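Note sheet for the following structure.
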Amino acid sequence: MKEAFVATGVVSAVIVDASRLIVYGTNIAAGHLAQSQQLSAPVVVGALCAFIGSFVGRQVPRKVTLRAVQIIVALAMLLIGVGLASGLV
């Protein structure tokens with residue numbers, strides 16, 4: 001069950017990242033080279049974080065209970081909501 005819960009988040013992240021890469025690729029192909037140079041650092045950092053997250057995410061479900069995953073996700077959503085409401089994100 002916990003693997004399915006985590007897998008749902010992974011699939012959502014893949015869809016979002018694929019959409020983001022399509023937009024970046026379209027901008028680069030359209031000739032916005034100045035903007036593409038500004039985007040290269042965030043794209044590289046994002047790709048590295050995705051690989052690290054995949055590796056860590058593969059190890060964590062084996063050692064964590066479903067309740068712990070639910071609490072972590074709830075806290076993360078709460079922090080993101082507070083960040084959005086306060087204008088930090």
Side-chain angles (χ1 to χ4, degrees):
M1 178 69 179
K2 63 185 170 189
E3 288 85 4
F5 186 76
V6 173
T8 302
V10 170
V11 170
S12 298
V14 167
I15 292 170
V16 168
D17 288 340
S19 302
R20 192 175 298 144
L21 288 173
I22 290 169
V23 170
Y24 292 158
T26 304
N27 280 338
I28 291 169
H32 298 106
L33 295 178
Q35 184 183 12
S36 69
Q37 291 174 350
Q38 293 172 350
L39 293 175
S40 62
V43 169
V44 169
V45 170
L48 287 174
C49 289
F51 284 114
I52 292 169
S54 296
F55 178 74
V56 171
R58 177 98 171 129
Q59 305 302 319
V60 170
R62 297 179 192 155
K63 302 174 184 173
V64 177
T65 65
L66 178 60
R67 183 69 182 149
V69 171
Q70 290 172 331
I71 291 171
I72 291 169
V73 170
L75 289 174
M77 290 176 66
L78 182 65
L79 287 173
I80 291 170
V82 168
L84 288 170
S86 67
L88 294 174
V89 178

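Keep in mind it's a predicted model, so treat the numbers as computed, not measured.
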Listing, residues 76-89 side-chain donor-acceptor contacts under 3.5 Å, not counting sequence neighbours, or none:
| from | atom 1 | to | atom 2 | distance (Å) |
| --- | --- | --- | --- | --- |
| Ser86 | OG | Val82 | O | 3.0 |
| Ser86 | OG | Gly83 | O | 3.2 |

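- Cluster partners of Leu75, by chain and number: Ile71. The rule joins Ile, Leu, Val, Met, Phe, Trp and Tyr whenever side-chain heavy atoms lie under 4.5 Å apart.
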Counting only pairs under 3.5 Å, give me each side-chain donor-acceptor contact of residues 44-53, with atom names and distances, residues two or more places apart or in other chains.
none

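- Residue Val11 is found in a hydrophobic cluster whose other members, listed by chain and number, are Ile15; membership requires side-chain heavy atoms under 4.5 Å apart, directly or through intermediates.
- Through ILVMFWY side-chain contacts below 4.5 Å, Ile22 is grouped with nothing and stands alone.
- For Ala68, the side chain to side chain contact (heavy atoms under 4.5 Å, CB included) partners are Val64, Thr65, not counting sequence neighbours.
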